[in-house]
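These notes concern the structure reproduced below.
Small disclaimer: the values here were computed from a predicted structure and weren't measured.
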Amino acid sequence: MDYLTRQLHSFLVRVGLNPTSISPQMEHYLEHLLYLLPPEEEEAVTHYYGLFGSQRLSLQEIAAELELSQEDAMERIDQCVRKLAVTPEWQMLKRKIR
């Protein structure tokens, strides 16, 4: 995982574990960031990290939803985070959380 992806991954883990660690405005920005993904991928990422009050699902459950192996589901989630990590939207959002 490269540096940009690790930054976003760490942020998503933090928000998933402690949703009150960001303001409602930042949560709104995060929602818009995830809208850049196709709906199926957005849902997988949301459930993997447990964002926006959604139940955190296991990789096995997400893989079943996507009809993929667990390895392929994890790779797809990693690809989604990488796609988002290189967007100008994440770069702007990242500056606001410092």
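- Take Asp78 and apply the side chain to side chain donor-acceptor pair (under 3.5 Å) test, not counting sequence neighbours, and it matches no residue.
- With sequence neighbours excluded, the residues forming a side chain to side chain contact (heavy atoms under 4.5 Å, CB included) with Met26 are Ile22, Ser23, Tyr29, Leu93, Lys96, Ile97, listed by chain and number.
- His28 pairs by the ring-ring contact (aromatic ring centres under 6.0 Å, His included) definition with His32, not counting sequence neighbours.
- Residue pairs meeting the salt bridge (Lys or Arg N to Asp or Glu O under 4.0 Å) criterion with at least one partner in residues 54-65, sequence neighbours excluded, are absent.
- For Glu40, the side chain to side chain contact (heavy atoms under 4.5 Å, CB included) partners two or more places apart in sequence, or in a different chain, are Leu66, Arg76.
- Listed by first and then second residue, the ring pair (Phe, Tyr, Trp, His ring centres under 6.0 Å) pairs that reach into residues 62-83 come to none, sequence neighbours excluded.
- For Gln91, the side chain to side chain contact (heavy atoms under 4.5 Å, CB included) partners are Leu4, Lys94, not counting sequence neighbours.
- Within the structure, the salt bridge (Lys or Arg N to Asp or Glu O under 4.0 Å) test picks out no pair touching residues 9-35 (sequence neighbours left out).
- Residues forming a salt bridge (Lys or Arg N to Asp or Glu O under 4.0 Å) with Glu67 (at least two apart in sequence, or on another chain): none.
- In terms of heavy atoms, Val81 sits closest to Leu8 at O-CD2, 3.5 Å.
- In terms of hydrophobic clustering, with Ile, Leu, Val, Met, Phe, Trp and Tyr side chains grouped at heavy-atom distances under 4.5 Å, Val13 and Leu34 are assigned to a common cluster.
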Do any side-chain atoms of residues 43-53 form donor-acceptor pairs under 3.5 angstrom with protein atoms, and if so which ones, sequence neighbours left out?
unit_1 : atom_1 : unit_2 : atom_2 : d
Thr46  : OG1    : Glu42  : O      : 2.8
His47  : ND1    : Gln55  : O      : 3.1
Tyr49  : OH     : His9   : ND1    : 2.7

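- Atom CD of Gln70 has more than 12 neighbouring heavy atoms from other residues, nucleotides or ligands inside a 6.0 Å radius.
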Which atom pairs, one a donor and one an acceptor, fall under 3.5 Å between side chains of residues 82-89 and the rest of the protein, sequence neighbours left out?
unit_1 : atom_1 : unit_2 : atom_2 : d
Arg82  : NE     : Asp2   : OD2    : 3.3
Arg82  : NH1    : Asp2   : OD1    : 3.1
Arg82  : NH1    : Asp2   : OD2    : 3.2
Lys83  : NZ     : Glu41  : OE1    : 3.2
Thr87  : OG1    : Leu84  : O      : 2.7
Thr87  : OG1    : Trp90  : N      : 3.1

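- Within the 4.5 Å cutoff, no side-chain heavy atoms of Ile62 are placed close to those of Leu68.
- Rounding to the nearest 0.5 angstrom, the gap separating the SG atom in Cys80 from the CG atom in Leu36 is 11.0 Å.
- When the side chain to side chain donor-acceptor pair (under 3.5 Å) test is applied to Ser10, no partner is found at least two apart in sequence or on another chain.
- In terms of hydrophobic clustering, with Ile, Leu, Val, Met, Phe, Trp and Tyr side chains grouped at heavy-atom distances under 4.5 Å, Leu17 and Leu12 are assigned to a common cluster.
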